[in-house]
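A note on names: the letters A, B, ... follow the listed sequences, proteins ahead of strands, and every chain is numbered from 1.
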Amino acid sequence: MSEAALLPRSPLAGLLRPVGGRGAAGVTVAERGSLRIAGLVARAGGAVLADIVRAAYGVDLPTSPRRTEADGLEFIWAGPAQWIVLAEPGADDLAATLRGRFGMLAAVTEQDDARVVLRIAGPRVRDALAKGVPIDLHPRAFGPGDVALTLAGHVPVHLWQVDDGPAYDIAVARSLAGSFCHWLRDSAGEYGMAVEG
Amino acid sequence: MRIPCPHCGERGFQEFAYYGDAGPKRPAHGGDTGEDVWFDYVYLRDNPAGPHEELWYHAAGCRTWLVVTRNTLTHEVAGARPARDVALERSAAP
């Protein structure tokens, strides 16, 4: 019998395709694959958790829809007293590390394969997103570091602005990544969409 | 109609799910609580024309319950508070 090998496979395999070929792409998209992701929910209140996180990483856990970075980790607001924490691929088991440090003060859940995170940028990215995201992404209303839990073409998304490029990261539940990509290709098609990475 | 979510900011009502009147208070279990009290709690609702406190769930946002004050005649939303805060206040009241 031959040995079966289990290979990791992106939920976007075969779905993330460029659209339109003429001229420079108005929208570029890249999967931030193989991230380490953990959910963090403070038990009763969260003031002590905030103190411990500040002592450990030197940052304040955002108490409004914002994102902060420290020590190679991204702390992203995900609701009252809730956050998701991201670490680059290859990092140690993030959920286990966080549980070891904050397990008494917060519920930590490993989310590595639960979400797909896409980085979407380009000169027409706001126009493409505006077709399905019901919040205002104009710079006067939403800037780098801002976070929102909202919709994109009826798919619940967690999005945050990375820089003034503008570039956005959009996290989608793995099982809805196909629907999201379908919507994104339709929305970005008229501006041309390039796939990186 | 736009709802000022205390956590997310102002959002369209499409992100929310409506539950109903935020007023009814669950009667105590057993003891003297009569059938008529339960009937009132489970089935009977006022139908006010004007400001109304009601429960909305921010399903496509922060996933918390809110008590929204909405004018049923004009859909004007006067405010929204976390339902948790309202419940804590109520349970603290004598």
Side-chain angles (χ1 to χ4, degrees), chain A residues 39-46 61-67 76-84 107 109 111 114-115 129-143 145-161 170-173 175-176 179-180 183, chain B residues 1-26 29 52-94:
Chain A
L40 192 62
V41 182
R43 300 184 204 277
L61 275 176
T63 53
S64 61
R66 296 280 298 168
R67 164 186 173 275
I76 297 147
W77 184 88
Q82 297 168 57
W83 301 268
I84 60 166
T109 49
Q111 301 278 333
R115 291 159 202 244
L129 293 178
K131 295 184 198 177
V133 178
I135 64 167
D136 189 2
L137 295 178
H138 188 281
R140 76 174 161 245
F142 200 87
D146 282 339
V147 174
L149 289 156
T150 184
L151 297 167
H154 304 288
V155 174
V157 295
H158 195 175
L159 71 86
W160 54 94
Q161 188 169 341
I170 299 191
V172 187
S175 55
L176 292 173
S179 298
F180 175 79
W183 170 80
Chain B
M1 204 170 81
R2 308 209 21 107
I3 295 175
C5 173
H7 307 298
C8 300
E10 194 181 271
R11 297 292 178 90
F13 79 98
Q14 293 87 346
E15 290 193 2
F16 297 82
Y18 176 74
Y19 180 77
D21 191 346
K25 218 174 157 181
R26 190 182 175 87
H29 244 297
H52 189 218
E53 290 208 328
E54 44 199 31
L55 286 164
W56 289 77
Y57 177 61
H58 199 179
C62 58
R63 297 176 179 85
T64 53
W65 284 95
L66 305 176
V67 173
V68 175
T69 308
R70 177 181 67 103
N71 188 314
T72 58
L73 293 174
T74 61
H75 293 312
E76 188 188 348
V77 173
R81 303 170 61 207
R84 183 176 184 275
D85 293 357
V86 175
L88 287 172
E89 258 177 40
R90 277 191 199 165
S91 61

Interface residues of residues 59-66 of chain B facing chain A - heavy atom cut-off under 4.5 Å: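 Expected list: B:A60, B:G61, B:C62, B:R63, B:T64.
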Verdict with supporting geometry, B:E15 and A:I135, side chain to side chain contact (heavy atoms under 4.5 Å, CB included): CA-CA 10 Å; B:E15 290 193 2; A:I135 64 167; 4.2 Å; yes
Side-chain donor or acceptor of B:H75 paired with backbone N/O of B:R2 under 3.5 Å: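 No, B:H75 side chain to B:R2 backbone: no donor-acceptor pair under 3.5 Å.
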Among A:Q161, A:R67, A:R66, side-chain hydrogen bond (donor to acceptor under 3.5 Å, both in side chains) partner for A:D146: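 One option only clears the test, and that one is A:R66.
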Full working for side chain to side chain contact (heavy atoms under 4.5 Å, CB included) between A:V155 and A:W183: CA-CA 9 Å; A:V155 174; A:W183 170 80; over 6 Å; no
Approximate separation, where rounding is to 0.5 Å, of B:M1 CE and B:T74 OG1: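 If we round to the nearest 0.5 Å, B:M1:CE and B:T74:OG1 are 10.0 Å apart.
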Flag if over 12 foreign heavy atoms under 6.0 Å of OH, B:Y19: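 No - once you tally the heavy atoms of other residues, nucleotides and ligands closer than 6.0 Å, there are 12 at most.
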Side chain / backbone / both / neither for A:T150 at chain B, heavy atoms under 4.5 Å: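 For A:T150, the contact with chain B is made by backbone and side chain together.
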